[in-house]
Amino acid sequence: YSADRQITVNSEPVPLNELEDRLRTLFEDRREKTMFIMGAGTLRYGVRESGFPAAGRIIVFDNLSRGTRGNIAAALRDPRVTLVEGDIRDAETVRRAVERARPEVVLHLAAQPIVRRSFADPTETFAVNVMGTVHVLDAVRATDSVRSVVVVTSDKCYRNLEEGRPFREDDPRGGHD
């Protein structure tokens, strides 16, 4: 990550190069714990290379609509990683997967992030991004093992004015892929 790029965590700007350390703190002294990752795209380079902290088990939930098993082959070679193929738009599938995994941490990265595609098919984008998040949060509420939830969103909807600061909700829209 570049040091000048930032995200907001609990209303606090965090440089992207510090995100790995923030995630690692979720797992201090918990190497036997389970992390449930919604969305496999970030694992295309493997678990360690993708910056995810050590965990006892890593369950990845994805429908592979934007990729293939081959894209995450490096991650799947790690014996701690299991891929669960499912669609975030299906509330019951999400609930069952989270319930079976009994994770301590849920990292929600699944999304339809392509701006131009959202213009062409807003209903699909809403189903994936909004209702998919609702399904994840409902599944988490129903699973007593979950201690932490990290919901990651995209800044692609914002026009990049190269101001060197994190985006704010009132920044101008108009992002491009």
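- Among all heavy-atom pairs drawn from Ala111 and Val128, the shortest one is C-CG1, 3.7 Å.
- Note that NE2 of His108 and CD1 of Ile37 are 13.0 Å apart. Values are rounded to the nearest 0.5 Å.
- Between Leu109 and Leu107 there is a side-chain heavy-atom pair separated by less than 4.5 Å.
- In this structure, the side chains of Val106 and Val136 come closer than 4.5 Å at one or more pairs of heavy atoms.
- In this structure, Arg80 and Ile58 have side chains that are in contact, with non-hydrogen atoms separated by less than 4.5 Å.
- When all heavy atoms of Val94 and Ala139 are compared, the closest pair comes out as CG1-CB, 3.9 Å.
- Counting heavy atoms from C-beta outward, Ile114 and Arg66 have side chains that approach closer than 4.5 Å.
- Of all heavy-atom pairs between Ser118 and Gln112, the closest is N-NE2, 3.7 Å.
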Task: Test side-chain contact (heavy atoms from CB on, under 4.5 Å) applied to Arg89 and Asn63, step by step - done: CA-CA 10 Å; Arg89 295 168 296 179; Asn63 68 357; 4.0 Å; yes
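- Using a 4.5 Å heavy-atom cutoff, the side chains of Leu161 and Arg159 are in contact.
- Atoms OG1 and CZ, on Thr143 and Arg100 in that order, are 11.5 Å from each other to the nearest 0.5 Å.
- Residues Val60 and Thr82 are not in side-chain contact: their nearest non-hydrogen atoms beyond the backbone lie 4.5 Å or more apart.
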TODO: Step by step, work out the side-chain contact (heavy atoms from CB on, under 4.5 Å) result for Ile88 and Asp62.
DONE: CA-CA 7 Å; Ile88 196 167; Asp62 198 298; over 6 Å; no
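- Smallest separation of non-hydrogen atoms from Ser145 and Pro103: OG-O, 2.8 Å.
- Here the CZ atom belonging to Arg141 is positioned 12.5 Å from the CZ atom belonging to Arg95, to the nearest 0.5 angstrom.
- In terms of modelled atom types and a separation under 3.5 Å, the side chain of Arg69 and the main chain of Leu83 share no donor-acceptor contact.
- For the pair Leu64/Glu85, a side-chain contact is recorded, criterion being any heavy-atom separation below 4.5 Å from C-beta on.
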